[in-house]
Amino acid sequence: MAFENTVDVNHPVHEVRSEAIKNFENLGFPSKKMEEWKYTSLKSLLKSDMSVFPKKESNLDYKDVKQYFIHEIESYKIVFIDGVYSSHLSETSHEGLDVCLMSAALSKPKYRLLIENYFNKIAVRDGLTSLNTAFSKEGAFINIPRGVVVEKPIQILHFSTGMESSLMTQPRNLIVVGENAHVQIIERHQSLTDNPTLTNSVTEIFANKRGIVDYYKIQNDKDAASLIDNTYISQQRNSHVSVHTFSLGGKLTRNNLQFFQKGEYLDSTLKGITITDKKQHVDHSTLVHHAQPNCESHQDYKGIYADKSTGVFNGRIVVEKEAQKTNGFQQSNNILLDDTATINAKPQLEIFADDVRCSHGCTIGQLDDEALLYLRSRGIPKKEATALLMFGFANNVLESVKIPELKQRITRLIADKLGVNLGFDL
Amino acid sequence: MLKIKNLHASVEGKEILKGINLEVNPGEVHAIMGPNGSGKSTLASVIAGNEDFEITDGSIELEGEELNEMAPEERAHQGVFLSFQYPVEIPGVTVTNFMKTAINETRKARGQEEMPANEMLKKIREKSELLEIDRKFLSRSLNEGFSGGEKKRNEIFQLAMMEPKLAILDETDSGLDIDALKIVANGVNRLKTDKNATIVITHYQRLLDYIIPDHVHVLLNGKIVKSGGKELALELEEKGYDWIKQEAAV
Amino acid sequence: MAYTEEELKKELETKEYEYGFYTDIESDTFPVGLNEDIVRAISMKKEEPEWMTEWRLEAFRVWKEMEEPEWANVKYKKPDFQAISYYSAPMNKPKYDSLDEVDPELLDTFKRLGISLEEQKKLAGVAVDVVMDSVSVATTFKKTLAEKGIIFCSISEAIKEHPELVKKYIGSVVPRKDNFYAALNSAVFSDGSFCYIPKGVRCPMELSTYFRINQAGTGQFERTLVIADEGSYVSYLEGCTAPMRDENQLHAAVVELIALDDAEIKYSTVQNWFPGDKEGKGGVFNFVTKRGLCETNAKISWTQVETGSAVTWKYPSCVLKGDNSIGEFYSIAVTNNYQQADTGTKMIHLGRNTRSTIISKGISAGKSQNSYRGLVQINSRAENARNFSQCDSLLMGNECGAHTFPYIEAKNKTSQVEHEATTSKIGEDQIFYCNQRGIDTEKAIALIVNGFSKEVLNKLPMEFAVEAQKLLEISLEGSVG
């Protein structure tokens with residue numbers, strides 16, 4: 001496979017990139033032979049000749065894409081079109097914090113130290129991440145200094161035009177949250193046409209002592225859009241990081257979400273709602289690595305699958321010998337709506353410490369017929385009643401969304417996905 | 001029977017018991033009262049040999065034998081029984097199996113033969129009737145899913161089964177409704193002889209209406225600050241602990 | 001002062017393998033190495049018909065092309081398959097008609113194992129087939145069984161006496177090419193047990209096989225085939241021990257169960273192969289393929305207590321082919337010192353209304369690694385399939401590991417799958433509570449572990465439960481504490 005784009009040799013992260021490209025050359029793309037990719041194949045998405053940067057830049061009008069923003073609230077915005085920054089759609093800042101561009105962070109001397117300390121420090125060295133690192137050029141760079149509580153959420157939007165069929169964009173985000181700082185981030189990948197698109201995104205998040213990060217991923221892309229999302233989180237003492245992933249659209253979505261706990265008394269939260277149909281494939285592959293004592297992790301994933309779609313939940317909790325008094329919980333509940341849909345689940349515990357409380361639960365079932373009958377006997381039509389039950393099933397994941405407008409938006413997206421016009425606030 | 005002399009004990013370097021002196025004779029019932037955090041439960045734990053607590057000074061003797069260096073099970077073999085404030089759950093181990101093991105291990109340690117099965121069954125029947133315990137209850141996992149009252153009643157059932165010289169009841173009345181309290185107290189009273197002794201640890205006077213103490217001690221800040229007869233308990237019920245605190249401060 | 005967990009662990013480490021003795025019986029052992037000639041020689045030695053020889057050779061050819069699997073969570077030095085002798089039989093007499101003819105020394109061995117044949121005969125009414133270094137030495141109770149039409153004999157005998165049954169079913173559940181060890185076993189198996197229960201017959205006693213590796217440098221490759229014809233019932237017990245040796249011994253067995261319509265098979269194993277010493281030297285590599293096929297309304301129940309072996313790789317499975325069939329798996333796996341176990345089950349739901357239950361209890365101590373690996377697969381036509389799985393791990397000490405790798409694959413919307421797993425340790429408060437009631441720490445741990453394992457112990461037949469409990473306690477005394 002040839003990448004026609006060349007690399008800038010004079011760049012400060014050149015060494016990191018060349019190591020990454022070597023890595024990728026050795027490892028290549030993952031195959032189903034690999035345990036972690038047992039249930040997901042990228043074969044159909046990969047082409048023999050792919051490019052990672054667009055040949056032509058595109059422009060968009062805000063009114064055409066407004067619907068993809070949580071526009072009801074004040075927010076910072078970092079917007080990309082086919083991986084290229086769109087300044088007129090964005091609202092960045094350097095006042096008391098940095099909400100800006102990866103390209104700027106990589107090139108400007110004042111960010112040099114941050115880049116040296118954080119860039120590619122937590123991302124794992126697998127094939128896909130290495131590919132991204134090798135061609136990392138653009139993405140969001142967010143730096144919240146110590147003690148800053150960011151007043152408004154930050155929205156990161158990646159638009160794809162699908163104009164170039166062999167494009168595999170490589171967004172790269174870096175988020176550094178200082179001691180006692182607090183930030184909320186909403187991320188969305190959206191293609192604007194029905195052409196196939198493929199994104200291989202890497203995000204690194206660092207939460208320092210007592211930092212709080214709430215991260216929301218909206219995955220409601222078009223039928224032909226595919227996304228490989230790699231998110232790596234490093235947490236220090238007493239920090240709280242939560243990631244919510246809402247996977248509703250897209251052809252193939254693979255979420256590699258990995259938490260590395262590096263201090264005591266911190267907690268990590270991973271939640272998700274997945275609703276699929278029409279041959280969609282959504283794979284959640286999570287890892288929580290407990291390496292320090294007295295930490296917690298909570299995972300709660302709900303999945304509803306219909307119409308030839310496939311869901312994968314591959315959740316791992318690793319508790320190292322040092323991580324005594326760990327509380328690790330993992331829950332994966334799934335509903336199959338018809339016999340053409342498939343769910344493959346593999347909730348794993350790997351435990352090396354003796355004084356821990358870890359549990360995982362995984363269920364596969366169906367909607368409660370009796371409850372359905374009950375609702376219908378109260379005059380609610382079958383479709384709406386079914387939707388209500390599904391919503392109820394997934395609701396406790398939504399409950400912990402802290403931005404009301406976002407919660408409302410996701411509720412609407414779910415209603416749309418289920419083909420009903422319900423507010424669910426009944 | 002029990003002689004505690006100048007007992008000092010601490011947990012994680014913090015001193016909780018600051019010189020306790022107590023003597024309990026056969027046939028006696030002693031009540032130890034005191035506000036929360038005064039060291040009541042610590043005293044019970046230290047007598048039973050809980051290794052979370054370190055004895056820094058003083059001694060505990062049972063019938064002339066010093067207990068200080070004995071392991072908890074050795075103390076049990078000597079005849080010390082603690083009714084736990086928070087009885088521990090052991091999944092999969094039935095009450096009967098647990099008691100059988102406990103009794104036979106104790107007999108073994110005393111150089112006695114194991115108790116024959118029919119004798120064991122007879123005793124279980126007898127004692128469960130005494131405490132009005134449903135026999136089905138005895139084949140449930142130890143304390144698992146028991147209500148607060150069931151746990152406490154089960155503790156006293158074990159007391160009845162083990163027939164110790166010294167029984168320490170740590171807050172046995174908490175979590176009991178009045179009917180259960182009567183059953184438990186009745187059980188304890190029926191088990192009383194002139195050869196054994198009981199220490200009742202409680203925050204409230206309520207239990208002492210049913211188990212009448214010969215002596216009442218008030219524990220405050222790791223020390224016994226006042227001792228008296230059963231009327232002291234009533235006085236405490238009426239006036240609270242403040243006056244004692246003031247008296248002790250003087 | 002009280003006995004600390006540390007002290008206990010030490011004591012456990014030094015506790016020697018109780019069954020580590022070597023029976024001095026002359027053996028007829030083949031030269032080491034494996035090729036087509038050896039396979040032919042094994043077959044010839046056993047006076048097998050031509051079709052069996054060919055079956056073995058085909059398996060050998062398949063095996064030659066295969067690679068040893070590496071996906072299990074175990075690390076060990078791969079055995080050199082050319083350095084093993086593939087056949088070893090006690091020499092005195094290859095076959096005994098009654099117990100009286102059995103070498104007294106051999107009988108003594110069984111006594112030391114605590115399974116005196118006579119005693120079992122009298123007390124439990126257990127029919128025992130003893131396989132020592134791969135050759136079946138005694139099948140008791142043959143006559144009683146024969147009256148019911150039950151065939152219980154060595155597989156070698158079955159090949160000669162009941163070729164139609166063997167031919168029809170051998171390799172039907174575990175095909176020769178199923179996996180590396182199954183292929184190897186198919187090529188070289190030296191003996192094992194065969195059992196057939198006719199239609200509608202309820203086997204009046206527990207059938208039992210004891211396996212023992214005795215000779216140095218030999219591998220043991222038994223083959224067990226149990227066929228329960230329509231509406232029949234059988235409970236089958238399997239026990240295993242091996243003497244202490246500081247080299248690794250290989251054990252690669254295949255067990256196939258066939259439960260025809262409305263039949264039920266209970267298969268219980270107590271595995272106590274030599275686990276290696278406390279430095280992790282020696283011990284048995286236990287690479288076993290066990291699988292059962294359930295036809296309509298049939299039920300197969302696997303119960304295992306695994307305390308031995310240096311490395312265990314074992315997944316007793318059920319293929320729930322018939323509608324309304326039931327598969328069960330109850331397992332206790334104890335690992336200590338440097339033992340490694342990767343064990344679990346596969347429940348393949350093909351038929352409608354099929355049900356499966358998995359209860360797995362893992363106890364890890366010392367520097368051991370204990371993994372549960374299981375697959376629950378619900379096929380798209382398996383309407384109303386149900387599975388419930390529970391995997392609990394108990395860790396003792398901070399140098400061992402407990403791991404859970406459940407694979408769940410569902411393709412039917414009416415299926416219901418529930419998986420739960422927990423990990424815990426023995427609480428200090430639990431130990432203190434027991435201590436206060438006069439129970440010392442070692443006994444307290446045994447009691448708590450027993451309670452932890454109870455759901456599985458309860459599934460064992462009476463005679464076995466007692467032995468299993470004893471075995472747990474021995475492993476506990478010495479290992480888990």
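Computed from a prediction, not measured in an experiment: that's the story for all the values here. In what follows, every heavy atom counts, from backbone to side chain, and hydrogens, waters and symmetry copies are set aside.
Minimum heavy-atom separation, B:E73 to C:T441: OE2-N, 4.0 Å. Between B:A76 and C:G438, the shortest heavy-atom contact is CB-N, 3.3 Å.
The OG1 atom of B:T106 lies 10.0 Å from the CG atom of C:D440; values are rounded to the nearest 0.5 Å. From B:K108, atom NZ reaches atom CD1 of C:I439 across 10.5 Å, with rounding to the nearest 0.5 Å.
Ranking C:G427, C:C434, C:A444 against chain B, the residue ahead of the rest is C:C434, based on heavy-atom pairs under 4.5 Å. With respect to chain C, the highest number of heavy-atom pairs below 4.5 Å among B:S45, B:S141, B:P164, B:A48 belongs to B:A48.
With a 4.5 angstrom heavy-atom cutoff, C:Y433 touches chain B via backbone and side-chain atoms both. In this structure, chain C has heavy atoms under 4.5 Å from both the backbone and the side chain of B:P87. Neither the backbone nor the side chain of B:Y86 comes within less than 4.5 Å of any heavy atom of chain C. For a residue to count as touching a neighbouring chain, one of its non-hydrogen atoms must lie under 4.5 Å from one of that chain's; by this rule B:A109 does not touch chain C. Of the two parts of B:N104, neither the backbone nor the side chain holds a non-hydrogen atom closer than 4.5 Å to a non-hydrogen atom of chain C.
Counting only distance, with no hydrogens or angles, the side chain of C:R437 and the backbone of B:Q158 share no donor-acceptor pair below 3.5 Å.
Other residues, nucleotides and ligands place more than 12 heavy atoms under 6.0 Å from the CD atom of B:E119. For B:K123, the NZ atom sits in a packed shell: over 12 heavy atoms of surrounding residues, nucleotides or ligands are nearer than 6.0 Å. Within a 6.0 Å sphere centred on CZ of C:R355, heavy atoms belonging to other residues, nucleotides or ligands number 12 at most. Few gaps surround NZ on B:K192; more than 12 heavy atoms of other groups in view lie less than 6.0 Å from it.
Two residues are said to be in side-chain contact when any heavy atoms from C-beta on lie closer than 4.5 Å; C:Q430 and B:P91 meet this criterion. The shortest side-chain heavy-atom distance between B:E51 and C:F432 does not fall under the 4.5 Å cut-off. Looking at C:L447 and B:N97, their side chains come closer than 4.5 Å, going by heavy atoms from C-beta outward. Annotation: side chain of B:T101 is in contact with side chain of C:K443 (closest heavy-atom distance under 4.5 Å). C:N435 has its side chain out of reach of B:R75: every pair of non-hydrogen atoms, C-beta onward, lies at least 4.5 Å apart.
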